[in-house]
Amino acid sequence: MIRSYFPKVAVVALLALSVGVLDTFSAAVYEHTVILPNRTETPVSKEEGLLPMNKNIDVLEKAVKLAAKQGAHIIVTPEDGIYGWVFTRESIYPYLEDIPDPGVNWIPCREPWRFGNTPVQQRLSCLAKDNSIYVVANIGDMKPCNASDPQCPPDGRYQYNTDVVFDSQGKLVARYHKGVESTPQKQSRCTTMTWKQRVVSCCYQTR
């Protein structure tokens, strides 16, 4: 594994935000040095892809526990903070999971195999549930498609740079596919930039 070239930052910032006249909540915002895969342009197995993601989630786990201990109700984790960046469309595939619509009423920590093999969502759900805190994370989603969809890519799937939210019970309550413009004949162009202003972080998306 290699670490990112960004300066090391490990900060949990707590913010008290007013929601209404009587309601407030504390939010934690966290950033860390991402542990990157050794190879990002060569496809690997699902098992090999999971190794660096678990290492990054290990780092996030400490921040989640600290934030909860300090009274935070929600923690926002960094863009690309679990799988890294500089992938091709093919090489990012082993790092993706099927993220269902939040309306399915799913707690991955309790039902990890309900929507196939979803170890990353399971761990994030358990972090939220075990620490009674909302967790916002950036992961990759994939959705199959076929010839009946004229926009379906040649490899038969859409791939999305995705933000997810798990509530304090570990339930998936939000899924946001970041916006892009593309067709199978046109390379994706990011319309939503990351805070680092790096187009490469979301160029594997296709819609």
Side-chain angles (χ1 to χ4, degrees), residues 4 6 8-19 23-36 49-85 92 95-142 160-178 192 194-196 201-202 205:
S4 67
F6 291 97
K8 181 175 179 60
V9 180
V11 177
V12 175
L14 289 177
L15 306 172
L17 304 177
S18 177
V19 178
D23 299 321
T24 62
F25 68 92
S26 295
V29 181
Y30 178 73
E31 178 64 27
H32 74 283
T33 301
V34 180
I35 301 171
L36 301 174
L50 187 60
L51 292 176
M53 291 196 290
N54 273 329
K55 289 181 179 294
N56 283 310
I57 296 175
D58 288 342
V59 176
L60 294 180
E61 181 175 6
K62 297 176 182 178
V64 170
K65 290 181 177 180
L66 177 60
K69 184 178 180 179
Q70 293 179 347
H73 300 99
I74 184 171
I75 182 169
V76 180
T77 64
E79 175 79 20
D80 303 333
I82 293 178
Y83 53 75
W85 51 85
I92 191 65
Y95 299 85
L96 310 180
E97 294 183 358
D98 182 8
I99 305 171
D101 185 286
V104 298
N105 190 27
W106 181 43
I107 299 177
C109 190
R110 293 178 176 172
E111 301 177 280
W113 291 96
R114 182 177 169 188
F115 294 96
N117 187 18
T118 56
V120 172
Q121 292 174 82
Q122 179 187 2
R123 285 203 65 186
L124 293 173
S125 171
C126 290
L127 283 181
K129 176 179 176 294
D130 293 346
N131 295 282
S132 300
I133 188 173
Y134 279 68
V135 173
V136 182
N138 178 242
I139 58 178
D141 188 13
M142 60 177 178
Y160 301 96
N161 185 3
T162 306
D163 288 337
V164 293
V165 182
F166 295 94
D167 71 10
S168 57
Q169 302 300 313
K171 179 181 175 181
L172 177 68
V173 294
R175 178 194 66 186
Y176 172 64
H177 292 154
K178 297 184 64 177
T192 303
T194 70
W195 69 270
K196 307 183 192 75
S201 70
C202 53
Q205 305 169 91

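A donor-acceptor contact shorter than 3.5 Å links the side chain of Ser125 to the backbone of Cys109.
Minimum interatomic distance between Thr33 and Asn56 (heavy atoms only, all atoms of both residues): O-OD1, 4.4 Å. Among all heavy-atom pairs drawn from Leu172 and Pro100, the shortest one is CD2-O, 3.5 Å.
Residues Asn138 and Tyr176 have side chains that never bring a donor and an acceptor to within less than 3.5 angstrom of each other.
Contact annotation: the side chain of Leu96 never approaches that of Asp141 to less than 4.5 Å [non-hydrogen atoms, C-beta and beyond].
Not a single salt bridge (Lys or Arg N to Asp or Glu O under 4.0 Å) links Asp130 to another residue, sequence neighbours left out. In terms of the salt bridge (Lys or Arg N to Asp or Glu O under 4.0 Å) criterion, residue partners of Glu61 (sequence neighbours excluded) are, by chain and number, Lys65, Arg123. Shown here are the side chain to side chain donor-acceptor pair (under 3.5 Å) partners of Glu97, two or more places apart in sequence or in another chain: Gln121. Partners of Lys129 under the side chain to side chain donor-acceptor pair (under 3.5 Å) rule, at least two apart in sequence or in another chain, do not exist in this structure.
With a 6.0 Å radius and a threshold of 12 heavy atoms from other residues, nucleotides or ligands, Glu111 has its CD atom above the threshold.
Of the inter-residue distances, the one linking Phe25 atom CZ with His73 atom NE2 reads 9.5 Å to the nearest 0.5 angstrom. We find the CD1-CG distance between Ile139 and Asp80 to be 12.5 Å, quoted to the nearest 0.5 Å.
Identified under the ring-ring contact (aromatic ring centres under 6.0 Å, His included) test for residues 95-131, with sequence neighbours left out: Phe87-Tyr95, Trp106-Phe115. Legend: ring-ring contact (aromatic ring centres under 6.0 Å, His included) pairs involving residues 120-141, not counting sequence neighbours: none detected.
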